[in-house]
Amino acid sequence: MEILKIENLTFSYPLCEEKAIESISFSVDRGDFVTVCGPTGCGKSTLMRLLKKELIPLGEMSGKVYYKGRDVQTLSEKETACSIGFVAQRPEEQIVTDKVWHELAFGLENMGMPQDVIRRRVSEMTCYFGIEDWFEKSVAELSGGQKQLLNLASVMVMQPDILILDEPTAQLDPIAASDFISTLSKLNRDLSLTVIITEHRLEEIIPVSNKLFAMESGKMLKYGETRETVKALRNNAVFMQGMPAAVRIFSSFDLSLPCPLTAREGREFIEKNFDNRVSELETPLSNTEKKDAVLEFSDVYFKYSKEMPDVLRGLDFKVYKGEIFCILGGNGSGKSTCLSVAAGLRRQYSGTVRVLGKKIKDYKKNELYRGCISLLPQDVQTVFLKNTVKEELEDVVSKDHTLPYDLSELNDRHPYDISGGQQQLLALAKVLSSAPQILLLDEPTKGLDAYAKKEIGVILQKLAQTGLTVVCVTHDVEFAAEWADRCAMFFRGEITSCGIPSEFFAGNNFYTTAVNRMTSNYYKNITTVSDAVKIMRLNMNGGAE
């Protein structure tokens, strides 16, 4: 049964000649789980907001959106609030109260629901989502994963028919993201909830989707059953880079077999069609050999106040000149705090931090930021000060700094009106303009599609080859496995393990890549798609490339 229908939907932002959405038509049946994918800036987030009238951005819109046969523009605010739920990319932007229990009850209170109904629904959702232990906590105490789960529960307590999500796992660590997606799948399966979600992290979301919607330049490229749509996109390089690892590996071979979607199906495909005579590839040399340490933490302790527990607890590590050093770990483990201490924005109460061999406390009057160290924060909007992208880039261009990518198409857009991925690229361009020797990045691939991530990886690799040192906090294990020289696990304020990606991820079960899960105990230390394809080719034709 059709629950949502979109007819010839077109939208353009003010003062922009190019259409953000152009002539899109499709329908969604009750109980569908639809994943919307496409390159950064293709219009995914705009499309999601056009489906809920209260979130339609300022601009010119034509076409129709129908909910159960009714134009959504004719629905009352109460009807849309209850029937069409929305979960945004940034958890903090959606939370409006100070306590968890009040956040759950807030929507129902605004709908004028009877007190007994509110209590029943809130208690039911609390139990369903397993949040009893933090029911009375302040929302400020919650981790990023908990905040996003609270957002989802706060929407679900309204009992919507349709749930729309705009990159809800963008700021979550791999385990929290997996749990969140599992919860969505359970809601879809148990309640026949219709789910429409935009995502760049497709590894786990595509296998639970029954339909896939591919967008490109504001237009619908392909829409249909997931496995068939994936097969139809096989020759599209941009889309294929974002597909699950099993799909990318399968697409590297010209075999007339069903395309695997999950890690389990990928494992079966490998074992049935390739042997393991060659079980291991040659391990690359570390990029840190015989190089100077440019950033050093020695027994560093930090807390936000005397009353609070330590966030950094005896932190020790070194980063060497010209390497890309990726720090991974759960939400709230202290990774971002580590970067802020390294950037001199916060001061440890014990231990020593050295930047370029000099104690950080000995840098005076902004010396630390003059061609020395730069930080790109997780919330990149904090670096934007002007009204247009062109104005934001004027300082960059005036310094004869070559932009690592072209943003000219966005010149007339306000920095807040471009996609999250485009904001990341704009902010990175600004940070690079100061020509730092050490670049600190907090979640630099957040909101980027796989193709844009590769561009960022190439840029960082080229910069590292010139001697720039990159310290990157990330939840993106695939990016770290592909581009890092070394990876480190952050846990409870300290680094518990560190090593080159092939060895680091091969020893993990959860903080690892889908490729490693597919190939472990069959091949050794295989963590990227390129390595998997390479060793599979060796095992397919007796060792000939």
Side-chain angles (χ1 to χ4, degrees), residues 174 201-204 234 237 240-255 257 259-289 323-326 328 445 450-451 453-458 460-462 464-465 472 474-489 497-545:
R201 296 162 68 165
L202 301 177
E203 190 67 50
E204 294 185 67
R234 185 171 178 175
M240 196 49 54
Q241 286 190 41
M243 288 293 121
V247 175
R248 286 179 283 155
I249 290 173
F250 173 81
S251 298
S252 299
F253 299 91
D254 188 17
L255 298 174
L257 297 169
C259 177
L261 296 181
T262 66
R264 185 179 68 180
E265 291 176 355
R267 175 75 174 217
E268 292 173 355
F269 165 71
I270 293 171
E271 290 184 345
K272 288 180 179 179
N273 297 282
F274 304 87
D275 60 38
N276 59 352
R277 296 186 308 275
V278 181
S279 63
E280 187 175 9
L281 297 176
E282 184 178 348
T283 302
L285 295 175
S286 171
N287 193 34
T288 64
E289 294 184 2
E323 78 167 327
I324 300 175
F325 186 83
C326 284
L328 301 101
T445 64
Y451 192 80
K453 288 179 187 179
K454 182 178 180 180
E455 289 184 319
I456 292 293
V458 170
L460 295 180
Q461 192 174 71
K462 288 181 178 179
Q465 290 170 354
C472 173
T474 183
H475 289 315
D476 194 334
V477 295
E478 310 287 343
F479 181 82
E482 188 72 41
W483 300 104
D485 293 300
R486 285 191 300 152
C487 295
M489 173 63 74
S497 65
C498 184
I500 62 173
S502 59
E503 295 176 355
F504 176 85
F505 289 112
N508 294 340
N509 288 322
F510 302 105
Y511 273 87
T512 190
T513 63
V515 171
N516 182 58
R517 288 195 290 269
M518 274 188 281
T519 60
S520 63
N521 299 321
Y522 197 71
Y523 301 129
K524 292 180 63 177
N525 297 347
I526 302 298
T527 56
T528 66
V529 169
S530 58
D531 282 349
V533 171
K534 185 175 181 180
I535 200 167
M536 288 164 67
R537 290 193 188 283
L538 292 174
N539 284 285
M540 181 174 66
N541 52 22
E545 287 283 1

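Values below: every heavy atom of this structure, side chains too, minus hydrogens, waters and symmetry copies.
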- Query: Between N525 and E503, is there a donor-acceptor pair closer than 3.5 Å when you use the side chain of the first and the backbone of the second?
  - Reply: no
- Message: Set out, in order, the CA-CA distance, both residues' side-chain angles and the distance that settles side chain to side chain contact (heavy atoms under 4.5 Å, CB included) for V477 and T512, then state yes or no.
- Response: CA-CA 6 Å; V477 295; T512 190; over 6 Å; no
- Task: For F504 and G499, work out which heavy atoms get closest and say how close.
- Result: CB-O, 4.0 Å
- With sequence neighbours left out, what residues match R201 under side chain to side chain donor-acceptor pair (under 3.5 Å)? none
- Taking all non-hydrogen atoms of both residues into account, name the closest pair between A245 and V515 and its distance. CB-CG2, 3.7 Å
- Query: Do any N or O atoms from the side chain of T513 and from the backbone of T527 form a donor-acceptor pair under 3.5 angstrom?
  - Reply: yes
- Task: Answer yes or no: is there a donor N or O on one side and an acceptor on the other, between the side chain of E265 and the main chain of L261, under 3.5 Å?
- Result: yes
- In Å and rounded to the nearest 0.5 Å, what is the CE to CG distance from M540 to N273? 10.0 Å
- Minimum side-chain heavy-atom gap C498-R486 below 4.5 Å: yes
- Between T519 and R267 the two heavy atoms that sit nearest each other are C-NH1, 3.5 Å
- For A532 and I249 the tightest heavy-atom approach is CB-CD1, 3.8 Å
- Taking atom CZ of R234 as the centre, does the number of heavy atoms from other residues, nucleotides or ligands within less than 6.0 Å exceed 12? yes
- Rounded to the nearest 0.5 angstrom, the CZ-CE distance for F269 and M518 is 10.0 Å
- Message: Can you tell me how far apart CD (E478) and CD (E203) are? Round to the nearest 0.5 Å.
- Response: 6.0 Å
- Item | Euclidean distance, M240 CE relative to Y451 OH, rounded to 0.5 Å | 14.5 Å
- side chain to side chain contact (heavy atoms under 4.5 Å, CB included) between W483 and T474: does it pass, once the steps are laid out? CA-CA 12 Å; W483 300 104; T474 183; over 6 Å; no
- Item | Residue pair L202 / G242: nearest heavy atoms and the distance that separates them | CD1-O, 3.2 Å
- Measure up the F253 and F274 rings against each other and bin them: parallel (under 30°), tilted (30 to 60°), perpendicular (over 60°). tilted
- Task: Could you tell me which non-hydrogen atom of A506 sits nearest to which non-hydrogen atom of N516, and how far apart they are?
- Result: CA-OD1, 3.6 Å
- Task: Hey, could you give me the OG/CD1 distance between S520 and I526, rounded to the nearest 0.5 Å?
- Result: 11.0 Å
- Task: Measure the shortest side-chain to side-chain distance between T262 and P244 over non-hydrogen atoms and say whether it is less than 4.5 angstrom.
- Result: no
- Taking only residues two or more places apart in sequence or in another chain, which ones pass salt bridge (charged side-chain N to carboxylate O under 4.0 Å, His left out) with K524? E280
- Task: With side chain to side chain contact (heavy atoms under 4.5 Å, CB included) as the test, would you mind laying out the steps for I270 and Y523 before giving the verdict?
- Result: CA-CA 10 Å; I270 293 171; Y523 301 129; 3.9 Å; yes
- Task: To the nearest 0.5 angstrom, please state how far the SG atom of C326 sits from the CZ atom of F479.
- Result: 6.0 Å
